[in-house]
Amino acid sequence: MINAFDPSRAAGLGERERAMVERRGRLLGPAYRLFYERPVHFVRGEGAWLFDAEGNRYLDCYNNVASLGHAHPRVVEAIARQAALLNTHTRYLHDTVLDLAEALLATMPASLGHVMFTCTGSEANDLALRIARAHTGGEGIVVTSLAYHGVTASLAELSPSLGEGVPLGRHVATVAPPDAYRGGPDMPARFAADIAAAFAGLRRHGIRPCALLVDTMFTSDGVFPDPAGLLAVAAAAAREAGALFIADEVQPGFGRTGTMWGFARHGVEPDIVTMGKPMGNGHPVAGLAIRPELLERFGRTVRYFNTFGGNPVSAAAGLAVLEVLRDEGLPANAAAVGAHLMEGLRALASRHAIIGDVRGAGLSIGCELVGDRGTREPATAETARIVNALRERRVLISASGPGANILKIRPPLCLTRDQADIFLGALDEVLTG
């Protein structure tokens, strides 16, 4: 895992943290991972800040789950209020889940007419694939080469970012992400052609096409937002092959890109939109929106039920998130502060040759670090050093991409220009050495 703590180096930690690492290993087993060479022990969050056990504050430029800001009071209040009244499942009538469904659909294209609720983005993607298979009669899925779509068995086998220890399914084909930094002006057409070829390859092996599933910002691949419109030609290639287009908005959605949904930047209407992570600002609520005709066959033959999906407390959290996004103008703030951040990063690039490319939309930003601007060789080791040096300055980010050389910057949407400048100043210090 990129930016993972090495447990064999626990001896270098303070006594309290060393004891906690040992306890984690003993109680949780070996599959869990921690971030940073020196893990951080947090006890509280507020807005874009996290606070460790000693009371030190850290600027959070990484966590896209508490996207409104940590412990947002309106979401906390909505959860507590509803928990004190009723929490049950969707086999009883209650208004809150319907209110949330209406509010979500109001942000979507009119072609998307139904919402289904889950607890996690993994579950949402899993359900989307079940419906897509029922509609198309196929199984073939195309994803990008370092995609992450979830941790269930069916999602892990089409999440190449999980590494070689998690093999891809035989029904899965991968394509290179739409890398405009290296791809040139014909990249969108080549991306669409790669998708068409991937589906054709699956069909030659007797695997009928089912879906193109993409994170609309290609976050795990390295953050590739441009040019606007590239997803329209990608979706057209998938539909020409007989597949559906599923927009995975679990990371880009809910205002992060400066628009409510990442796909909206591309002038395309997905067949299915999956949602998660920021949907409850830390509370586990997720779901999907879908064209009604796609759900007809599935719904006619299959009963869908999820014990906690769409429960009143989760629905109250989801409604509060949508209200805060609207009332506090957070998508617009993401667009404005994100533009300020990217302008600052490009100014740093004029002084630090290691910055090869800056790209993003809103507060989903990738800053690619290279050993040489001519060859664009990934500066992998330097990136790890920079991420950890920022952590020591109490600024949190991580990295992504096949070369683990792309700074992944995705702070809470409430980030201010002053906080963006704190990040830029810290990065400048680290790059200056």
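Distance alone, capped at 3.5 Å, is enough to place a donor-acceptor pair between the Arg203 side chain and the Ala241 backbone. Thr136 contributes a side-chain N or O that, together with a main-chain N or O of Ala132, makes up a donor-acceptor pair within less than 3.5 Å. Checked by atom type and distance alone, the side chain of Asn281 pairs as donor or acceptor with a backbone atom of Ser67 at under 3.5 Å. Side chain of Glu17 to backbone of Leu13: no donor-acceptor contact under 3.5 angstrom is found. A donor-acceptor pair under 3.5 Å links the side-chain atoms of Glu249 to the main chain of Gly262, judged by distance alone. Using a distance-only test at 3.5 Å, with no hydrogens or angles considered, a donor-acceptor pair links the side chain of Arg391 to the main chain of Arg38. A donor-acceptor contact shorter than 3.5 Å is absent between the side chain of Arg208 and the backbone of Gly140.
Summarising the geometry of Ala353 relative to Arg373, their closest heavy-atom pair is O-NE, 3.1 Å, with the distance given to 0.1 Å. Between Ala124 and Met275, the shortest heavy-atom distance links the atoms CB-O, 3.8 Å. Annotation for Asn333 and Cys414: closest pair ND2-C, 3.8 Å, computed over non-hydrogen atoms. Smallest separation of non-hydrogen atoms from Gln251 and Ser220: NE2-OG, 3.9 Å. Scanning both residues, Arg297 and Ala134, for their nearest heavy atoms gives NH1-O, 3.0 Å. Heavy atoms only, all atoms of each residue included: Thr96 and Ala315 are closest at CG2-CB, 3.7 Å.
Side-chain polar atoms of Thr216 and His266 form no donor-acceptor pair below 3.5 angstrom. Using modelled atom types, one finds a donor on one side chain and an acceptor on the other under 3.5 Å when comparing Asp60 with His70. Between the side chains of Asn311 and His94, no donor N or O sits under 3.5 Å from an acceptor N or O. Between the side chains of Thr380 and Asn405, no donor-acceptor pair is found at a separation under 3.5 Å. Judged by distance alone, the side chains of Tyr62 and Arg410 do bring a donor and an acceptor atom under 3.5 Å apart. Side chains of Thr118 and Asn306: a donor-acceptor N/O pair is absent below 3.5 angstrom, by distance only.
The number of heavy-atom neighbours closer than 6.0 Å to OH of Tyr304, taken from other residues, nucleotides and ligands shown, is above 12. For CD of Glu343, the number of neighbouring non-hydrogen atoms (other residues, nucleotides, ligands) closer than 6.0 Å is 12 at most. The environment of OH in Tyr32 is sparse: at most 12 heavy-atom neighbours from other residues, nucleotides or ligands sit within 6.0 Å. Within a 6.0 Å sphere centred on CD of Glu240, heavy atoms belonging to other residues, nucleotides or ligands number 12 at most. More than 12 heavy atoms of other shown residues, nucleotides or ligands fall within 6.0 angstrom of atom CZ in Arg18.
Considering only heavy atoms from C-beta on, Asp221 comes within 4.5 Å of Ser145 through its side chain. The shortest side-chain heavy-atom distance between Val250 and Thr274 falls under the 4.5 Å cut-off. Residues Val285 and Val313 fail the side-chain proximity criterion, which asks for heavy atoms closer than 4.5 Å. Under the 4.5 Å side-chain criterion, counting only non-hydrogen atoms from C-beta, Asp372 is in contact with Thr375. Between His171 and Glu157, the closest side-chain pair of non-hydrogen atoms falls below 4.5 Å.
Salt bridge Arg394/Asp52: absent, no basic N to carboxylate O contact under 4.0 Å. The pair Glu37-Arg385 fails the salt-bridge criterion, with no side-chain N (NZ, NE, NH1 or NH2) lying under 4.0 Å from an Asp/Glu carboxylate O. A salt bridge between Arg359 and Glu368 is present, with a side-chain N of the basic residue lying under 4.0 Å from a carboxylate O of the acidic one. Between Glu296 and Arg300, at least one side-chain nitrogen of the basic residue sits less than 4.0 Å from a carboxylate oxygen of the acidic one, meeting the salt-bridge criterion.
Judged by a 6.0 Å distance limit and a 45° cone about the ring axis, Arg130 is not positioned over the six-membered ring of Phe298.
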Report the C-alpha separation of Phe117 and Phe308 in whole Å, then their side-chain angles, then the decisive distance to 0.1 Å, and conclude whether the ring pair (Phe, Tyr, Trp, His ring centres under 6.0 Å) test is met.
CA-CA 9 Å; Phe117 291 101; Phe308 297 108; over 10 Å; no
Please walk me through it: do Phe423 and Leu59 pass side chain to side chain contact (heavy atoms under 4.5 Å, CB included)?
CA-CA 8 Å; Phe423 165 74; Leu59 182 62; 4.2 Å; yes
Please report the C-alpha distance between Leu415 and Leu363 in whole Å, then the side-chain angles of each, then the deciding distance to 0.1 Å, and finally whether the side chain to side chain contact (heavy atoms under 4.5 Å, CB included) criterion is met.
CA-CA 9 Å; Leu415 193 81; Leu363 286 171; 4.3 Å; yes
Stepwise side chain to side chain contact (heavy atoms under 4.5 Å, CB included) check, Leu212 with Arg239
CA-CA 9 Å; Leu212 169 67; Arg239 289 165 174 157; over 6 Å; no
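Under the side-chain contact (heavy atoms from CB on, under 4.5 Å) criterion, Ser159 pairs with Tyr148, His149, Leu162, sequence neighbours left out.
Between the CD1 atom in Ile131 and the NE2 atom in His114 there is a gap of 10.0 Å [rounded to 0.5 Å]. Here Asn63 contributes atom CG and Leu396 contributes atom CG; the two are 7.5 Å apart, rounded to the nearest 0.5 Å. Here the CZ-CD1 distance, from Phe199 to Ile141, works out to 7.0 Å after rounding to the nearest 0.5 Å. Considering CG of Asp248 and CD1 of Ile272, their distance stands at 11.5 Å, rounded to 0.5 Å.
Among residue pairs with one or both ends in residues 235-259, those qualifying as ring-ring contact (aromatic ring centres under 6.0 Å, His included) are Phe254-Trp261; sequence neighbours excluded.
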